[in-house]
Amino acid sequence: MLQYYAHLRQSSQYINLPTAEIPKPGDELAPISPELARWIRLRAQDLKLRQSDRQWAVDLVNHLRESLLVFLKNSDEQPYFQSASVLSSGSYYEMVKILNPNEFDMMLKLQSPSRLKMTELDQYHGLFYEVALSRSTRSHIRSFLLDDGLTISASKIINEMHRLVRKFISTYRVPGNSWRWVVNRKRPNSPAVTLSLLEVDNGKQELLSVDVVPALEVPSSQGWPLAARAGPDVDNWLGKKTRRSLTHQTCFFVPKKPPGRNLSEAAKESWRISFSHIEKELIKTHGNKRTCCETSATKCCRKQCFKLLKCLIEGLKQRYPQELDALCSYHGKTAFLHTLSIRAQDSLWTPRQLPACFMHLLRALEGHASSGLLPHFFVPTSNLFAPPTFPRKALVFLIQALEEQRRQGLPLLMPPAPAPPLAVHSHSDSQPQLSPVVQQTPVIQYPVILPPQVVEMKSFEQMFKIVALVMVLVYVCYLL
DNA sequence: TTTTTTCGCTAAGTGGT
DNA sequence: AACCACTTAGCGAAAAA
């Protein structure tokens, strides 16, 4: 870690140096216009989930989860998955999901019968591993081993997971029978089996999606791999004691190949290390003092800043889908965690300072992009902005896009316009006027998931179908 | 002993003053 | 705008089967 930051310090473009983090009151507030600050506050308010949407989504997702667990437990043909349990992860369960509760993540914990031999794949700096049992076993995991009887096959696990979920879904019925889950086509580099919730009759629009990711749990007797021992750098932020309690927890491996073609034999069966459960805990216990966010007097704006950054990243990805294909929410999360660990004091994150804090976070991401250095928070030797994962071209584009956003008053952060018909009606009172700068800029259309009954009433597609049907009928009558 | 149910705590959204 | 009481969801620990 130390030598890592020494490296970063040499880069003059890298603005977010630890040494530059001595708080200077007022320093950050200066460049933000009151109008932009107002906008940022309003947008942060807007991003939170509505309880009515949550209620509907959570019932469906929880029912799905419980039913899947029961199915796996009773699935005699695949005993290895019988003991699996769920660890909810991802932004919904970190309480940083924005706009709509429409994406859920669950890790399906799979236990390892013995200690694991974790071999770093060359060239990937501790993010991707070959994972093998340290001794042969009679456990049910043995149907997922390669010919050597030790190495655990990532592709066998993900394929079986996919098969099991498909089998489960073939008999599963959503309570109420108005919707159905479909299993998405397997994506070659994804560790997840993705389920989409569709309406039964008008099955085009995805209402919810759930990612199920098998996750191999490293036995707790075994520490983290060497590359992860250097991170996470939270001593100044959360204290040495908390760091110890974090690093004593287990870590996981998810079946994911490194990017690119012509992979070596080992890389084809490789696993990526995962700290989703620790990330969740970090975001939950984000305060420098234990009292952070306990009362209204000690509230902070850290999560709000992160939500705003997520919103901007999603906006950028929608505006420039090809150019920023490599960009993902994990880049935002990583930049956020680094910023929290450097800018540790609770007093720097009071709700009053929300606009300034968000701009600081945005500058931090810009800094990481400019320097081309975004170390994985737990595996600092792995740079998330390094090619081939993040091509040079995309990085240059990102730097320009971020700078442009900041100069133009964050047009992509602002609510989409024109808003969908219903949203205009229900929000017209609270919707702020667009600033001139924003109006000039092409504004993206966010996918808006409306509650099901609203979709039924308002589905243009359905109306379109009806109109088409009527036209066909008229034509038939004319022929007769 | 093991599994299931209940309980208490926390975070966050809601609506009223 | 700020505060308050109230509700819901998630989660781990305690209690019960």
Side-chain angles (χ1 to χ4, degrees), chain A residues 34-35 37-74 79 82-109 111 175 208 210-212 215 217 220 238 242 245-246 248-250 252 276-308 310-311 336 340 346 349-355 423 426-427 429-432 449 451:
Chain A
E35 194 200 12
R38 206 176 86 88
W39 264 101
I40 290 173
R41 283 185 203 287
L42 284 170
R43 193 62 181 135
Q45 271 297 106
D46 242 30
L47 292 179
K48 58 188 187 186
L49 307 180
R50 266 172 273 149
Q51 202 127 33
S52 53
D53 296 341
R54 249 185 101 180
Q55 214 161 19
W56 174 75
V58 148
D59 283 347
L60 290 170
V61 172
N62 289 350
H63 189 270
L64 176 80
R65 184 186 57 210
E66 297 317 312
S67 309
L68 176 63
L69 275 176
V70 168
F71 169 84
L72 291 175
K73 195 167 263 182
N74 300 327
Q82 283 178 337
S83 59
S85 60
V86 165
L87 196 158
S88 359
S89 64
S91 61
Y92 175 81
Y93 297 99
E94 285 163 352
M95 316 226 108
V96 291
K97 183 72 184 80
I98 54 171
L99 296 168
N100 282 297
N102 55 358
E103 290 169 3
F104 295 81
D105 299 83
M106 49 184 82
M107 297 206 298
L108 204 68
K109 289 199 277 182
Q111 289 185 324
L208 297 177
V210 173
D211 272 6
V212 185
E217 185 169 16
S220 53
L238 302 169
T242 308
S245 75
L246 292 174
H248 282 164
Q249 296 185 43
T250 62
F252 293 90
S276 296
H277 56 312
I278 314 241
E279 289 159 12
K280 184 168 147 187
E281 196 173 324
L282 284 177
I283 289 172
K284 204 180 278 178
T285 62
H286 52 258
N288 181 232
K289 294 195 201 69
R290 188 139 322 151
T291 54
C292 184
C293 287
E294 264 183 7
T295 66
S296 60
T298 55
K299 271 261 166 283
C300 82
C301 66
R302 289 175 175 94
K303 277 199 241 183
Q304 278 183 304
C305 286
F306 182 35
K307 288 185 189 180
L308 286 164
K310 284 168 70 79
C311 179
F336 177 61
L340 291 194
D346 294 341
W349 295 94
T350 61
R352 289 184 53 87
Q353 302 174 76
L354 169 68
S426 54
H427 292 302
D429 295 341
S430 60
Q431 211 149 71
I449 301 234

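Quick note on labels: first sequence line is chain A, next is B, and so on, each numbered from 1. What you see below is based on every heavy atom in this structure, not just the backbone, and it leaves out hydrogens, waters and symmetry mates.
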Mind listing the side-chain donor-acceptor pairs of residues 83-96 of chain A below 3.5 Å, one per line with the distance, residues two or more places apart or on another chain?
residue  : atom : partner   : partner atom : Å
Tyr92(A) : OH   : Arg54(A)  : NE           : 3.0
Tyr92(A) : OH   : Arg54(A)  : NH2          : 3.4
Glu94(A) : OE2  : Lys333(A) : NZ           : 2.7

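Contact between Leu49(A) and Ile98(A) at its shortest, heavy atoms only, is CD2-C, 3.8 Å. Pro101(A) and Leu208(A) make their closest contact through O-CD2, 3.4 Å (heavy atoms, listed as atom of the first residue, atom of the second, distance). Heavy atoms only, all atoms of each residue included: Ile278(A) and Leu246(A) are closest at CD1-O, 3.4 Å. Smallest separation of non-hydrogen atoms from Cys301(A) and Pro351(A): CB-CA, 4.0 Å.
One interatomic measurement links the two molecules: CH2 of Trp56(A) to P of dG13(B), which rounds to 19 Å at whole-angstrom precision. For Asp105(A) and dG10(C), the CG to P distance is 14 Å, given to the nearest whole Å. Straight-line distance from the CD atom of Gln55(A) to the C1' atom of dG10(C): 15 Å, rounded to whole Å. Rounded to an integer number of Å, the gap from Asn100(A) CG to dG13(B) C1' is 15 Å. We find that CE of Met106(A) is positioned 15 Å from C1' of dC11(C), with the value rounded to whole Å. Atom NZ in Lys280(A) sits roughly 12 Å away from atom C1' in dA9(C) (whole-Å rounding). Distance NE2 (His277(A)) to P (dC11(C)): 14 Å, rounded to an integer number of Å. Going from atom CG of Asn62(A) over to atom P of dC11(C) covers 9 Å, rounded to whole Å.
Helical stems in DNA chain B, defined as runs of 3 or more consecutive Watson-Crick or G-U wobble pairs with both donor-acceptor distances under 3.5 Å, are listed by first residue as B:2-17 with C:2-17.
Using a 4.5 Å heavy-atom cutoff, the side chains of Arg65(A) and Val210(A) are not in contact. Proximity of Lys303(A) to Cys293(A): side-chain heavy atoms (C-beta onward) are nowhere separated by under 4.5 Å.
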Applying side chain to side chain donor-acceptor pair (under 3.5 Å), run through Thr291(A) and Glu294(A) and close with a yes or a no.
CA-CA 5 Å; Thr291(A) 54; Glu294(A) 264 183 7; 5.6 Å; no
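The phosphate of dC11(C) (OP1 or OP2) has no side-chain N or O of Tyr93(A) nearer than 4.0 angstrom. Applying the 4.0 Å criterion to OP1 and OP2 of dC11(C), one finds that Ser88(A) has a side-chain N or O inside that range.
Picking from dT8(C), dG10(C), dT14(B) the nucleotide with the shortest atom distance to the side chain of Arg50(A) gives dT14(B).
Counted within 6.0 Å of CD on Gln111(A), heavy atoms from surrounding residues, nucleotides or ligands total 12 or fewer; the atom is thus considered open.
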Quick test: give all pairs of protein nitrogen or oxygen and nucleotides 8-12 of chain B nitrogen or oxygen below 3.5 Å, distance rounded to 0.1 Å.
residue : atom : partner   : partner atom : Å
dA11(B) : O3'  : Lys303(A) : NZ           : 3.4
dA12(B) : OP1  : Lys303(A) : NZ           : 2.4

